[in-house]
Amino acid sequence: TSLNEKLSGLNAYSLQADGDMYKNGSGAGRVSSFSSGDRIGLGIDMDAKKLTFFKNGHMIGSMSELPDEVIPAVCFGGTSQFVVLRPEAVPPTDFNGATDRKSV
C-alpha cells in the first residue's frame with residue numbers, strides 16, 4: 001500500500017522523494033525529486049492556510065486550503081533513513097508566511 005493510499009480521505013498533504021505531491025490522497029503536482037544530502041523544509045502559514053515545501057533553501061512547491069489544524073509528520077519508505085527536525089531554523093527568504101513562521 002502506498003503512502004497516498006494510506007492517507008486517502010484524510011486532510012493529508014505530502015511530498016514524496018520522487019517529487020510527487022499529494023493532497024488528500026490525490027496527485028497535486030510534481031516538483032524536483034530529492035535524494036541523500038538534500039535539505040527539505042516545510043513552511044506552514046495558517047493565516048493564509050498554505051504550506052510550502054523547500055529543497056536546499058529554495059521553494060519547490062506549495063499547497064493551499066489547509067484545514068484549521070495541521071500536524072506535521074515525517075514518513076520513510078525504506079531503510080537507513082533519518083531526519084533531523086530543526087524548529088528553530090530560519091525560514092528561507094522566499095517564504096512569505098506569518099511573522100511567527102518556522103521552517104523544519
Q) Are side-chain heavy atoms of Thr52 and Asp45 found at a separation under 4.5 Å? A)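 Of all side-chain heavy-atom pairs linking Asp45 with Thr52, none is under 4.5 Å.
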Q: Answer yes or no: is there a side-chain heavy-atom contact under 4.5 Å between Tyr13 and Ser62?
A: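 Side-chain contact under 4.5 Å: no.
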I'd like to know if the side chain of [X] and the backbone of [Y] have a donor-acceptor N/O pair within less than 3.5 Å.
| X | Y | answer |
| --- | --- | --- |
| Arg30 | Asp18 | yes |
| Lys50 | Gly43 | no |
| Lys23 | Gly29 | no |

If you compare all heavy atoms of [X] against all heavy atoms of [Y], which two are closest, and at what distance to 0.1 Å?
| X | Y | answer |
| --- | --- | --- |
| Phe53 | Met21 | CD1-SD, 3.9 Å |
| Leu42 | Phe54 | N-CD1, 4.3 Å |
| Ser33 | Lys55 | O-NZ, 2.7 Å |
| Ile60 | Val31 | O-CG1, 2.8 Å |

Please report the interatomic distance [atom1]([X]) to [atom2]([Y]), rounded to the nearest 0.5 Å.
| X | Y | atom1 | atom2 | result |
| --- | --- | --- | --- | --- |
| Ile44 | Leu51 | CD1 | CG | 6.5 Å |
| Asp68 | Met46 | CG | CE | 6.5 Å |
| Ser32 | Asp38 | OG | CG | 8.0 Å |

